[in-house]
Amino acid sequence: MCGIVASVSTRNIVPILVQGLQRLEYRGYDSCGVAVHADGLKRARSTSRVAELQAQVSAEHLEGGTGIAHTRWATHGAPAVHNAHPHFSHGSGAGSNARPGKVALVHNGIIENHDELRAALQAKGYVFDSQTDTEVIVHLMDSLYDGDLFEALKAAVAQLRGAYAIAAFCKDEPHRVVGARAGSPLILGVGQDHSENFLASDAMALAGVTDQIVYLEEGDLVDIQLGKYWVFDRQHQRAAREVKTVHAHSGAAELGPYRHYMQKEIFEQPRAIADTLEGVEGIVPELFGDGAYRVFQDIDSVLILACGTSYYSGCAAKYWLESIAKIPTQVEVASEYRYRDSVPSPKTLVVTITQSGETADTLAALRHAQGLGMTQTLTICNVATSAMVRECKLAYITRAGVEIGVASTKAFTTQLAGLFLLTLALAQAKGRLSEEDEAAHLKAMRHLPAALQAVLALEPQVISWAEDFAKMENALFLGRGLHYPIALEGALKLKEISYIHAEAYPAGELKHGPLALVTSAMPVVTVAPNDALLEKLKSNMQEVRARGGVLYVLADADSHIDSSEGVHVIRMPEHYGALSPLLHVVPLQLLAYHTAVARGTDVDKPRNLAKSVTVE
Ligand code: M6R
C-alpha cells in the first residue's frame, strides 16, 4: 500500500528518500515519485519500479536537502504518471491576478469529500491534472497559504474528511516539511546528528538512517525543520511525544538461498513459532499484559475482528475457544462488523488479529466496538509499535519477524500459536484447564518447530501436485471442523498469488451446491486429519470421486487413506491433535507458492494487492 518518506536535511537527501521507498516496496505499489526543493519544486515520477525512479533521478541530477517521496497504490485514478505523487499545486487566477503554485505534497489514505473540495477549488481557478483525491489537498493548502505552511496545513486538515497521512513542503520555505496523520500511520524520525529530521509511513523506511522514532498519534500535526521539530495534537496544542529507539529490521530484506520472500517466510516458520513461544514457561494470563487475569475472569464471551488471513486464524481459534475454554466466540470480518448494527456486551473480550497492526478496517472495527462500550480489548499482533497494540488494553506480540511477501504465511501460523495460548490462558482463568492438560498442551507447543520442519520436508511431493495445478483455472478446497478455516486459507493463498479461482467449503456443504462444479478439470484439495470427522470426510471424498473429480488429500500419518486412481495423497509426518491446523496449512502454502512459480506470476507482489491495507 502507499508509502511516504520525507526529510529536511543539509545534505542531498534524494538517495535516502529513494532508499526509503525501496524499503517500503514490499507493501505493494503501482507508481512512485520523489520531489525536492531545488530553487523551486522539482520532481521525478514513474509507473515502473523504484529502481527505474532511481535511474531517472540520477539522469536528471535531481538533488536537494528538503524532499518528499511516495509509493502509490491506486485507489482514485489509474496507475499513471499524472496520478503519481508528489503532486504540485499550480496556483490560481489568470493574467495580473495569476499566483504561481507553491506546494508539493504526498498523501496516504482516502479523502472522502474530495468531490466537493475539488468543485470549490475549481471555482477559485485551480486546474486539476490528476484523477486523485490527493490533488485536492495540495491545491487546498496552496489556496490557504499565507506565508506559513504549517498554518496552511492546519486550516486544510480542518476541511478534510477521511483518512490521511500527509507530508508537504513549500517553495517559499526551503527548510521545512509539515505533516499530519488521521487514520493512516505517520512517524517522525529524529536525525542521528540532530541536523536533519524525517517523516515516514513506517519506521522500516528509515532503517539504517535513524533509529530514534516518534510514533505520531491520531490527529497529530508535525513541523520538521533543520535540527528542530514540533508535534501538535488534534486541538493544535504542543504535544510531548516519546522518542523511542526502534531497531527496524532492514536485514529482513535479505533473500538468502530462497527465490522469493514467500518461500523464505514459509521456511522460517519453525523459527518464527519458536520465537513466538519463547519465554512461555507456563500458562499465565499475564502473558497478555498486566491486568489480564482480571479481564479474563470478567468476560463471558469473545468477539474476534480481523481481515483476510488473520480472519481465518480467528475462525480456527473459535473452535479452540469453544471446545477447550468453553467460551462462546464470534468471529467477524472487520469491514462488515464496523458498519452493521450489532448487540454489544461489556462482558465481551474484543480480540483483534493483525499482522501489521495498521489495517484500516480492523482498526476501525476495534474503535467501533470501543464506541459501543466494549472496553476489554486484546490484540494478537506482529508489530509491537503499531497503532493496534497502542489502542488495545492487552496484547500478545507474535514474533514472526518482518513479513515481506504479500501472501501471509508465517504471520498466520504465529497468530495461531498466540491464539492457542489465549485459549489456554482463558481456560485457566475460568478454572477449566487441568494441570495435566496444561502440561500436555505445552509439550505439544514446544514440539511444534520440529514438527513444522518435518512438514517442510514434504516440499518435493507438493511440487508434483503444483505441476498439475498450474494447468488448472479452478480449484476447490474442503475441510471440516477446525480444518475448514485451513481450507479457506489454502484457497486464499492459491488465488492471491497464482490467480487460479479457488473456493473453500466445509466438506458437508458439497452436496448442497458446489458438487455441481466437480469434473476432472476441478481439482479438489481435501484437508483430512485423523479427527472425529474423518469418516464423514471420507464419504464426502467418495461424492467427489463418483463425479470424476480428482482428489488431492492431505492425510494424517494415521488417516488410512491411500493413493489410487484420481486420489493423490500426501501423508503428514505425525498426527497432531488440536494444534494440527498449524501443520496442515504449510503444504497448502507450498502448493500455492509452487503453483504460482510454475505459472510465472509475481509471487511476492501479486497484482492489485498490497501488503498493509491502510485504506478502507
Ligand atoms: O496486517 P493484517 O493481518 O491486518 O492484514 C490482513 C489482510 O489484509 C491480510 O491477511 C491479507 O489477506 C493477506 N494478503 C493474506 O495473504
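Every number for a ligand or one of its atoms is a count from 1 in the order of the listing. From a predicted model like this one, the values you see are computed outputs, not experimental measurements.
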| Of all the atoms in ligand 1, which lie at a distance below 4.0 Å from a heavy atom belonging to Ala407? | 16 (O)
| remark: Candidates Gly308, Ala592, Cys307; heavy atom nearest atom 6 (C) of ligand 1 found on Cys307
| What's the verdict on side chain to side chain contact (heavy atoms under 4.5 Å, CB included) for Leu456 and Val586, showing C-alpha distance, side-chain angles and the deciding distance? | CA-CA 7 Å; Leu456 288 166; Val586 174; 3.7 Å; yes
| task | Verify whether one side chain among His568 and Gln461 offers a donor that lies under 3.5 Å from an acceptor in the other. | result | no
| field | For Val406, atoms of ligand 1 separated by under 4.0 Å from a heavy atom | value | 13 (C), 14 (N), 16 (O)
| field | Glu403/Lys410 salt bridge by N-O under 4.0 Å criterion | value | no
| Sequence neighbours excluded - salt bridge (Lys or Arg N to Asp or Glu O under 4.0 Å) pairs with any residue from residues 591-610 | Glu473-Arg599
| said: What's the separation between atom CD1 in Ile324 and atom OG1 in Thr423, rounded to the nearest 0.5 Å? | reply: 6.0 Å
| field | Backbone or side-chain N or O of Ala610 under 3.5 Å from ligand 1 N or O | value | no
| query | Where does Glu358 meet ligand 1, judged by heavy-atom distances below 4.0 Å: at the side chain, the backbone, both, or neither? | reply | neither
| field | Atoms of ligand 1, numbered as shown, that sit under 4.0 Å from any heavy atom of Ser310 | value | 2 (P), 3 (O), 10 (O)
| note | Quick look: Lys611 vs ligand 1, heavy-atom contacts under 4.0 Å, and the answer is neither
| message | Over 60° means perpendicular and under 30° means parallel, so tell me whether Phe420 and Trp320 are parallel, tilted or perpendicular. | response | perpendicular
| note | Per side-chain contact (heavy atoms from CB on, under 4.5 Å), Val222 is matched among Leu216, Ile187, Ile166, Val214 by Leu216
| request: Could you tell me whether Glu52 and Arg49 make a salt bridge, using a distance below 4.0 angstrom between a side-chain N and a carboxylate O? | output: no
| remark: Closest to atom 1 (O) of ligand 1 among protein heavy atoms sits Ser356 OG, 2.7 Å
| said: Taking distance alone, with N or O pairs closer than 3.5 Å, would you say Gln415 contacts ligand 1? | reply: no
| task | Assess Leu609 for proximity to ligand 1: is some non-hydrogen atom of it under 4.0 Å away? | result | no
| note | of all protein heavy atoms, closest to atom 8 (O) of ligand 1 is Val613 CG2, 4.0 Å
| field | Nearest-neighbour protein heavy atom for atom 5 (O) of ligand 1, which is reported as residue plus atom name and distance | value | Thr359 OG1, 3.5 Å
| message | Using the ring centroid of each side chain, check whether Tyr576 and His584 are separated by less than 6.0 Å. | response | no
| Distance from atom 13 (C) of ligand 1 to nearest protein heavy atom, with residue and atom | Glu496 OE2, 3.5 Å
| message | List ligand 1 atoms under 4.0 Å from Lys493, heavy atoms only on the residue side. | response | 15 (C), 16 (O)
| said: Applying the side-chain hydrogen bond (donor to acceptor under 3.5 Å, both in side chains) criterion to Thr309, which one of Gln355, Lys493, Glu496 satisfies it? | reply: Lys493
| said: Any nitrogen or oxygen of Thr362 lying under 3.5 Å from a nitrogen or oxygen in ligand 1? Just yes or no. | reply: no
| message | Return the closest protein heavy atom for atom 11 (C) of ligand 1 as residue, atom name and distance. | response | Thr309 N, 4.2 Å
